[in-house]
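What follows is a set of notes on a single structure, which appears directly below.
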Amino acid sequence: MTMYTQLYNRLSFGWNTVKIDMSAARRDPLPIVPFGLAAFATTLFALGLALGTTIAVGMLFFIQMKIILRNKTSIESWIEEKAKDRIQYYQLDEVFVFPYDMGSRWRNFKQVFTWSGVPEGDGLEWPVREGCHQYSLTIEQLKQKADKRVRSVRYKVIEDYSGACCPLNKGIKTFFTSPCTEEPRIRLQKGEFILATRGLRYWLYGDKILDDSFIEGVSRIRGWFPRKCVEKCPCDAETDQAPEGEKKNR
């Protein structure tokens, strides 16, 4: 209120200029809080923090309501997008239907906000859409994992890599384009083999092919590594150039 009264009494806003009437300070009573330059700057700073928090929480509220109305989490939306890509890539005569979307936003909303306060479902089984069952999403994920193995590319390590997050000795572009993710990096030694599943322009992500699969305490070694440290194996390069007619039958 102090800030409002001070600005209202001291400033009159025109179309092109801001006029300051310093004589109004003698007529006005003392403000509730001493309103010097420091107080004014602090108030503006606090107002900016409050406004920023309001915008951030408002965006979070919008995202959460969108998830509730669709009955679909962000990860599940990503799985659905990959399902569409898989069906389109192999030109399959099937349609993936997300099992937990009841087909109505109101029905999805009532599943979360119940009068009793007890959500529908027991944590393992939930109401599903007609024509689906409790394992529809799981089956689709297994199909995507199998497809991921089919699409993976075999690489051979030609340069050692220490596993550093931003390696300086692998080039400036590799240093500045390091993936901004919590996923790990893996150490590489010349002569090893990597099965890459995805990648960026200067980085790849994949699993290290272990010579001994019974190494104690180690089941899989996977993570990011610089693209310049590996080269594609000739057998995979030939596979990538397979005719279009074979793509559908992979």
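If you read the sequence from its start, that first residue is 1, and numbering goes on from there. Worth saying up front: this structure is predicted, and the values here are computed from it rather than measured.
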Do R86's NZ or CZ and the ring of F96 fall within the cation-pi criteria of under 6.0 Å and 45°? no
Between E192 and K208, does any side-chain N to carboxylate O distance fall below 4.0 Å? yes
Evaluate the side chain to side chain contact (heavy atoms under 4.5 Å, CB included) criterion for residues K232 and V153: first the C-alpha distance (whole Å), next the side-chain angles of each, then the deciding distance (0.1 Å), finally the verdict. CA-CA 7 Å; K232 187 180 296 185; V153 180; 3.8 Å; yes
Counting only heavy atoms from other residues, nucleotides and ligands, does the tally under 6.0 Å from CD of E94 exceed 12? yes
Cluster question for you: counting only ILVMFWY and a side-chain heavy-atom cut-off of under 4.5 Å, with indirect links fine, are L168 and Y202 together? no
Do Q134 and Y100 have side-chain heavy atoms sitting under 4.5 Å apart? yes
Could you check if a side-chain atom of M59 sits within less than 4.5 angstrom of a side-chain atom of I55, using non-hydrogen atoms only? yes
Count the heavy atoms belonging to other residues, nucleotides or ligands that lie under 6.0 Å from CH2 of W78, then report whether that count exceeds 12. no
Please determine whether the number of non-hydrogen atoms from other residues, nucleotides or ligands lying under 6.0 Å from atom CZ of R129 exceeds 12. yes
Are any of the side-chain heavy atoms of H133 and V128 separated by less than 4.5 Å? no
Neighbour count >12 (heavy atoms, 6.0 Å) for atom CD1, I75: no
Interatomic distance, L142 atom CG to Y135 atom OH [nearest 0.5 angstrom]: 12.0 Å
Interatomic distance, D207 atom CG to T197 atom OG1 [nearest 0.5 angstrom]: 6.5 Å
Do N71 and Q111 come close enough that some side-chain heavy atom pair is under 4.5 Å? yes
Angle between ring planes, W106 versus F109, binned at 30° and 60°: parallel, tilted or perpendicular? parallel
I186 pairs by side-chain contact (heavy atoms from CB on, under 4.5 Å) with which of Y205, W224, Y161, F225? F225
Less than 4.5 Å apart, side chain to side chain, heavy atoms only: is that true for I79 and Q144? yes
Report yes or no: is the cationic atom of R198 (NZ for Lys, CZ for Arg) closer than 6.0 Å to the six-membered ring centre of W203, at no more than 45° off its axis? no
Gap between atom CZ of R105 and atom CE of M65 - 0.5 Å precision: 10.5 Å
Under the salt bridge (Lys or Arg N to Asp or Glu O under 4.0 Å) criterion, do D85 and R151 qualify, and how do the steps go? CA-CA 13 Å; D85 176 69; R151 296 201 203 186; 3.5 Å; yes
Count the heavy atoms belonging to other residues, nucleotides or ligands that lie under 6.0 Å from CD of E183, then report whether that count exceeds 12. yes
Here's one to test your reading of the geometry: is the NZ or CZ of K72 within 45 degrees of the ring axis of F98 and under 6.0 Å from its centre? yes
Electrostatic pair D147:K143 at N-O distance under 4.0 angstrom: no
Flag the pair S74 / I67 as yes when at least one side-chain heavy-atom distance between them is below 4.5 Å, and no otherwise. yes
Candidate pair F193 and C233, rule side chain to side chain contact (heavy atoms under 4.5 Å, CB included), full reasoning: CA-CA 9 Å; F193 291 92; C233 294; 3.9 Å; yes
I need the N169 CG to D160 CG distance, nearest 0.5 Å. 10.0 Å
Please test V230 against K156 for side chain to side chain contact (heavy atoms under 4.5 Å, CB included), starting from the C-alpha separation and ending with a verdict. CA-CA 5 Å; V230 296; K156 182 178 180 181; over 6 Å; no
Between N108 and M102, which heavy-atom pair has the shortest distance, and what is it? OD1-N, 3.1 Å
Under 4.5 Å between side-chain heavy atoms, counting indirect links through other Ile/Leu/Val/Met/Phe/Trp/Tyr residues: same cluster for I158 and Y155 or not? no
Is there a chain of hydrophobic side chains (I, L, V, M, F, W, Y, each step under 4.5 Å between heavy atoms) that links L69 to F61? yes
Output yes when a side-chain donor or acceptor of S136 lies under 3.5 Å from a complementary backbone atom of C132, and no otherwise. no
Carefully, step by step, assess S178 and R185 under the rule side chain to side chain contact (heavy atoms under 4.5 Å, CB included). CA-CA 10 Å; S178 179; R185 275 66 171 170; 2.7 Å; yes
Can you measure from NZ (K173) to NZ (K228) and round to the nearest 0.5 angstrom? 11.0 Å
For V112 and I68, the nearest pair of non-hydrogen atoms, with its separation, is CG2-CG2, 3.9 Å
So V95 and I87, do their side chains get closer than 4.5 Å, heavy atoms only? no
How long is the straight-line distance from NZ of K170 back to OG of S162, given to the nearest 0.5 Å? 7.5 Å
Using side-chain heavy atoms (C-beta onward) and a distance below 4.5 Å, is L204 in contact with I194? no
Hey, are T174 and R227 close enough side-chain-wise for a donor-acceptor pair under 3.5 Å? no
Would you check if the side chain of E80 reaches a backbone N or O of S77 as a donor-acceptor pair within less than 3.5 Å? no
